[in-house]
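Throughout, numbering of the chain's residues begins at 1 and tracks the sequence. Note that ligands are numbered from 1 as they come in the structure, with each ligand's atoms numbered from 1 the same way.
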Amino acid sequence: MAQKRITIAIDGHSSCGKSTMAKALAKRIGYAYIDTGAMYRAVTLYCLDNGMIDGDKVNKQRLRRHMPKIEITFKVDDEGKSNTWLNGRNVEKDIRGMEVSSKVSLIAAIGFVRRAMVEQQQAMGRNKGIVMDGRDIGTVVFPDAEFKVFVTASAQVRAERRFKELQSKGDTTTTFDEVLANVVERDRIDSTRKESPLRQADDALLLDNSNLTIDEQNEWLYNEFLKKVK
Ligand code: DC
């Protein structure tokens, strides 16, 4: 009998390996994968490119007017990797840098930005068979998702992972302490913001992967998935 197709919501702290495990699961079970953090990052890049952010101030009036002009899509490249596109331009690399990382929490805290993103995310998941990762997927975007996971790891471990990733991408200027400070600051803003603060849904499974390898966490996720579709 064909397995039923479900909605999978993976939420958690920043840089805890959510995307890695969500992507691997989606590939293994033939589901679509959506990285909702990339959407908030793309809006942030748009704001930076258009001079809408000054220090920690966002020109919300201008941004609100520009929202209908911001088109975010995902396209799979020749290597099978999903890339984020913003208004016809591949921005996958630009949205992962420190400049966007240090401003994205400001943008993700704005109510009208969140409402626009959530609407698009709900449309993408309308037919189920989707793995979506973010902060509010199990609580706001798909509160009825059949399988919810909340992922975390210590701030030190998450900063180490993020630092390695930046270095592997050729960033030689960002220091470890800057990365750690960014992780801690994003946790604070994400968990204390008024709009959809980061929190574990009551029916989400908790995974602390501080001491797990990527393979171990992938196996854990796959086995929990199998229990849900049995
Ligand atoms: O997962 P990430 O680090 O790429 O997310 C970037 C930022 O976007 C992060 O500060 C939290 C925010 N975000 C959010 O508020 N809601 C989501 N569903 C996904 C990300």
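In terms of protein heavy atoms, atom 4 (O) of ligand 1 is closest to R41 NE, 2.7 Å. Annotation: atom 12 (C) of ligand 1 to nearest protein heavy atom, A108 CB, 3.7 Å. Shortest contact from atom 20 (C) of ligand 1 to any protein heavy atom: G37 CA, 3.5 Å. Looking from atom 9 (C) of ligand 1 to the surrounding protein, the closest heavy atom is R135 NH2, 3.3 Å. Among protein heavy atoms, the minimum distance from atom 3 (O) of ligand 1 is reached at R186 NH1, 2.9 Å.
At a cut-off of 3.5 Å, with distance as the only test, no side-chain donor of R186 or S102 sits close to an acceptor on the other residue. When only modelled atom types and interatomic distance are considered, S101 and R162 share a side-chain donor-acceptor pair under 3.5 Å. Checked by atom type, the side-chain pair T174/D171 shows a donor-acceptor distance below 3.5 Å. R161 and N209 are linked by a side-chain donor-acceptor pair at a separation below 3.5 angstrom, with hydrogens and angles left out of the test. Remark: the T213 side chain and the D215 side chain contain no N/O donor-acceptor pair separated by less than 3.5 Å. No side-chain N or O of Y46 forms a donor-acceptor pair with one of N87 less than 3.5 Å apart.
Each of the atoms 8 (O), 13 (N), 14 (C), 16 (N), 17 (C), 18 (N), 19 (C), 20 (C) of ligand 1 lies under 4.0 Å from some heavy atom of Y40. Taking every heavy atom of S105 and a limit of under 4.0 angstrom, the matching atoms of ligand 1 come to 10 (O). Counting the atoms of ligand 1 from 1 in the order shown, those under 4.0 Å from a heavy atom of G134 are 17 (C), 18 (N), 19 (C). Ligand 1 places these atoms under 4.0 Å from at least one heavy atom of T36: 17 (C), 18 (N), 19 (C). Taking a cut-off of under 4.0 Å to the non-hydrogen atoms of D190, the atoms of ligand 1 that pass are 9 (C), 10 (O), 11 (C).
The aromatic rings of F225 and F147 lie tilted to each other, with the angle between the two planes from 30° to 60°.
Linking Ile, Leu, Val, Met, Phe, Trp and Tyr whenever their side-chain heavy atoms come within less than 4.5 Å puts I110 and V141 in one cluster.
When the heavy-atom distances from atom 18 (N) of ligand 1 to V113, D136, T44 are ranked, the shortest goes to D136.
Heavy atoms of R114 found under 4.0 angstrom from ligand 1 belong exclusively to the side chain. The part of R193 lying near ligand 1 is the side chain, judged by heavy-atom distances below 4.0 Å.
When each of I130, T36, V140 is tested with Q121 by the rule side-chain contact (heavy atoms from CB on, under 4.5 Å), just one qualifies, namely T36.
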